[in-house]
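First the structure, in the form of structure tokens, and then the observations on it.
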Amino acid sequence: MESRSYHDPHSMKESAVLDVKPLRSLAPMLPASLGQKSTFCPSNAPPFVCVTPLGSFATASAYPPGFCPFFSSVGSPQDLNQIPVEHPSYLNEENGFPRASGGTTPPAFYKEAVIIDSSGKTTKRFSNYSTFPADSSATESSKRKKNKSRQSLADSTLLPSSHDPRESVEVVLSTFDALRRRLMQIDDAKKLRPDLKAGSIMMSNDLRANKEKRIGPVPGVEVGDIFYFRIEMCLVGLHSQSISGIDYKTISFVDQEDSVAVGIVSAGVYGNEEDSEDTLIYTGQGSSNNDDQKLERGNLALEKSVRRANDIRVIRSAKDPSITNGKIYIYDGLYKIHESWVEKGKTGFNTFKYKFLRQPGQPDGIAVWKRIEKWKENPSLRGNMVLSHDLSSGIENKPVCLVNEVDYEKGPTYFTYSNTVGYPRSISSVKPLQSCMCPSACLPGDANCSCLRQNGGFLPYSSNGILVSRKPLVYECPATCQCLINCRNRVTQVGLHLHFEVFKTRDHGWGLRCWDAIRAGTFICEYTGEIIDGIRSINFDEETDYVFQPMYSDPDFKWNYVPELLEETGNVDLSETPKLLSFVINSKNNGNIARFMNHSCSPNVFWQPVLHDHGDDRYPHIMFFAIKHIPPMTELTFDYGRRPAEMGNHMNPQREKKCLCDSVKCRGFFI
DNA sequence: GATTGCTCAAAGCA
DNA sequence: CTGCTTTGAGCAAT
């Protein structure tokens with residue numbers, strides 16, 4: 001149990017978790033004018049206002065509504081000569097779905113959505129797309145069903161009843177990844193490729209967005225978005241080649257048809273690609289080991305794109321440090337090919353080279369990654385924006401940076417950094433958690449492992465520590481187990497493994513973000529503080545800015561896989577909601593990075609109850625996990641929830657805070 | 001720990 | 001309908 005005054009890196013004195021006495025006041029450290037009563041931003045101002053989950057990208061979008069890639073970005077007369085006569089499908093699409101064949105019918109997506117609730121019952125929810133002709137996609141689906149024993153689920157399940165392309169893309173990605181995680185859990189021997197298997201299931205059920213290729217931006221995909229598998233980019237229509245690096249499409253231009261490139265993946269496999277933020281030297285395709293590259297297919301399309309000067313989406317890649325040989329794909333926005341040439345490769349054969357230039361005015365993509373790399377090499381680069389290099393004073397495995405890039409406030413209100421939870425009384429001895437006898441590590445499928453049995457027969461985490469499914473309660477191995485601390489069933493006990501940063505937001509106080517890319521299902525952190533027994537003991541009229549309440553407010557939020565897609569129905573317990581927890585955690589005086597996480601109605605983080613050091617399921621640990629893939633430096637947010645109706649009388653309506661998130665799902669207010 | 005080689009892959013194009 | 005092209009992702013060995 002450790003807790004330390006966050007501002008005092010020299011003090012190694014430890015205090016008991018419930019000792020809330022300040023070790024030292026914050027004020028003496030600050031210039032007189034910047035004390036706790038700072039006029040710039042009073043430290044007792046409510047720091048919690050909602051934030052857009054898209055960060056600055058949302059407002060800084062380079063593409064206003066109605067954006068046409070051929071008319072805007074580079075508006076030279078030369079470009080205008082190259083406008084295609086008939087605009088192909090990429091224009092005027094209001095949603096992320098392909099047009100039905102024929103072109104005049106509305107997009108062919110779901111007539112209704114089937115919601116699978118926690119009890120396993122299915123309920124139908126009709127979308128508001130009432131004008132949709134019943135079977136305008138008949139040709140499509142009959143083609144599809146020809147050699148499929150399973151019916152397509154796309155028109156009957158899953159996809160949200162929303163016209164928001166962003167939401168469609170996110171549902172596709174989340175459905176895919178949940179499926180992938182489950183496949184990995186079922187077949188831990190890894191005889192199959194879970195990504196390909198899951199991708200194939202998605203494809204055969206037509207669970208994809210932006211099926212039709214297009215030039216320019218892809219609805220619902222934003223610059224900076226990250227992907228962990230090539231197939232993910234296929235499913236959302238960003239890059240339709242599952243393996244090949246060059247994606248191309250035949251377009252009708254003024255003079256004639258041409259097959260031009262629409263996107264490339266620069267995975268660095270051919271080497272010698274220039275590594276600058278706005279330029280990229282890309283090598284054409286074809287094995288350069290035993291023959292000259294030929295001017296056909298992708299290479300030919302790139303060559304045509306040099307003359308047509310059309311926008312080309314560029315996906316760059318980076319190493320995923322959490323996995324051996326792991327790769328992350330980063331959508332870096334639109335580029336144009338500036339020039340091309342032929343060059344002798346290392347093996348002496350001709351290769352095609354293409355110089356890509358990034359179109360100006362786009363949000364940062366790979367630039368964010370490069371910036372972070374520089375900070376890691378040289379921490380002094382950010383100068384006096386960094387208020388503390390480690391807010392946790394060494395308590396956490398990884399330092400927690402404290403920065404302010406927007407004003408002169410020198411830090412959040414005083415608190416004691418503590419990475420453990422304080423209980424009102426000792427409960428650890430009351431009810432110990434059952435422990436297993438597994439030597440060194442718990443293994444999947446081991447019927448003798450009691451920890452596995454408690455979790456329903458499956459390890460709750462995959463081999464790389466990713467949470468597979470949300471459940472009412474996750475049972476990790478307690479210290480009394482024979483297995484070691486690196487056992488796969490101890491993911492949340494080992495502390496932080498990401499480089500976090502507490503930062504001052506522009507309009508809603510302090511927030512939390514991360515230097516590292518975070519894959520969906522990754523453990524973020526625990527919510528620490530003092531546990532206060534019984535919600536009713538909290539006076540809601542008083543300050544609740546740093547109080548965590550275990551509440552749910554989005555009954556439609558589903559993170560787990562859809563069992564129908566695996567023909568796995570009935571016998572699987574997929575309930576995600578924990579039973580009502582009647583405690584709150586107060587982190588006002590003691591807390592960790594979790595206390596800085598702001599609310600959003602479209603969050604990227606959720607909480608999951610976990611037991612590991614005691615067996616009292618009334619007081620589980622509150623652990624946060626990533627809902628989706630989160631690019632570096634994106635603010636981390638979770639849904640603060642809504643107080644149950646029964647609590648209404650205890651609430652002062654004025655305590656409700658106005659939510660500023662730009663989410664289409666924004667509820668307007670939160671606790 | 002980082003790199004290399006090996007294997008079996010799926011989707012879209014021709 | 002089928003073969004061809006592409007090189008991804010995971011793993012074992014170095």
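Quick note on labels: first sequence line is chain A, next is B, and so on, each numbered from 1.
With the nearest nucleotide of DNA chain B identified for both A/T324 and A/G199, A/T324 has the one nearer the 5' end. Remark on DNA chain C: of its neighbouring residues A/S244 and A/I323, the 5'-side contact belongs to A/S244, judged by nearest-heavy-atom nucleotide. Each of A/C234 and A/S259 was matched to the nucleotide of DNA chain B holding its nearest heavy atom; the match closer to the 5' end belongs to A/C234.
Proximity note for A/Q285 (side chain, C-beta onward) versus C/dA9, C/dT6, B/dG12: the nearest is C/dT6. Across C/dT6, C/dG8, C/dA9, the shortest atom-to-atom separation from the side chain of A/A267 is found for C/dG8. Out of B/dT3, C/dG10, C/dT6, the shortest distance to the side chain of A/I243 is found at C/dT6. Closest contact between the side chain of A/L196 and the listed nucleotides B/dA9, C/dA9, C/dT7 involves B/dA9. The listed nucleotides are C/dG8, B/dT4, B/dG12; the one nearest the side chain of A/Q241 is B/dG12. When distances are taken from the side chain of A/R297 to each of C/dT7, C/dT5, B/dA11, the shortest belongs to C/dT5. Listed nucleotides B/dC13, B/dA11, C/dA9 differ in distance to A/Y248; the shortest reach to its side chain belongs to B/dC13.
Ion pairing of A/K628 with A/D177 is absent here, as no side-chain N (NZ or NE/NH1/NH2) approaches a carboxylate O to less than 4.0 Å. For A/R166 and A/E222, the salt-bridge test passes: some basic side-chain N is under 4.0 Å from an acidic carboxylate O. Look at A/R490 and A/E476 and you find no salt bridge, because none of the NZ, NE, NH1 or NH2 atoms lies under 4.0 Å from a carboxylate O. A salt bridge links A/D332 to A/R316: one of the charged nitrogens lies within less than 4.0 Å of a carboxylate oxygen.
The CZ-C1' distance, from A/F352 to C/dT6, rounds to 17 Å in whole Å. C/dT6 atom C1' lies 12 Å from atom CD of A/Q293, rounded to whole Å. Between the CG atom of A/D247 and the P atom of C/dG8 there is a distance of 14 Å, given to the nearest Å. Rounded to whole angstrom, the span from the CD1 atom of A/I246 across to the P atom of C/dG8 amounts to 12 Å. Between A/F227 atom CZ and C/dG8 atom P the separation is 16 Å, expressed in whole Å. Per the geometry, CG belonging to A/N299 stands 14 Å off P belonging to C/dT5, to the nearest Å. Here the C1' atom of nucleotide C/dT6 and the CD1 atom of A/I264 are 15 Å apart, to the nearest Å. One can place CE of A/M233 at 18 Å from P of C/dT6, the figure rounded to the nearest angstrom.
At a cut-off of 3.5 Å, with distance as the only test, a side-chain donor of A/T283 or A/K353 sits close to an acceptor on the other residue.
Put simply, A/K211 has no side-chain N or O that comes within less than 4.0 Å of OP1 or OP2 on B/dA11. For C/dG10, the OP1/OP2 oxygens have no side-chain nitrogen or oxygen of A/R193 closer than 4.0 Å. Taking only side-chain nitrogens and oxygens, A/K327 comes nearer than 4.0 Å to OP1 or OP2 of C/dG8.
Between the side chain of A/N325 and the base of B/dT4 there is at least one donor-acceptor pair of N/O atoms closer than 3.5 Å.
Remark: aromatic rings of A/Y228 and A/H629 are close, center separation under 6.0 Å.
When heavy atoms are screened at a 4.0 angstrom cut-off, A/S200 is found touching the sugar-phosphate backbone but no base atom.
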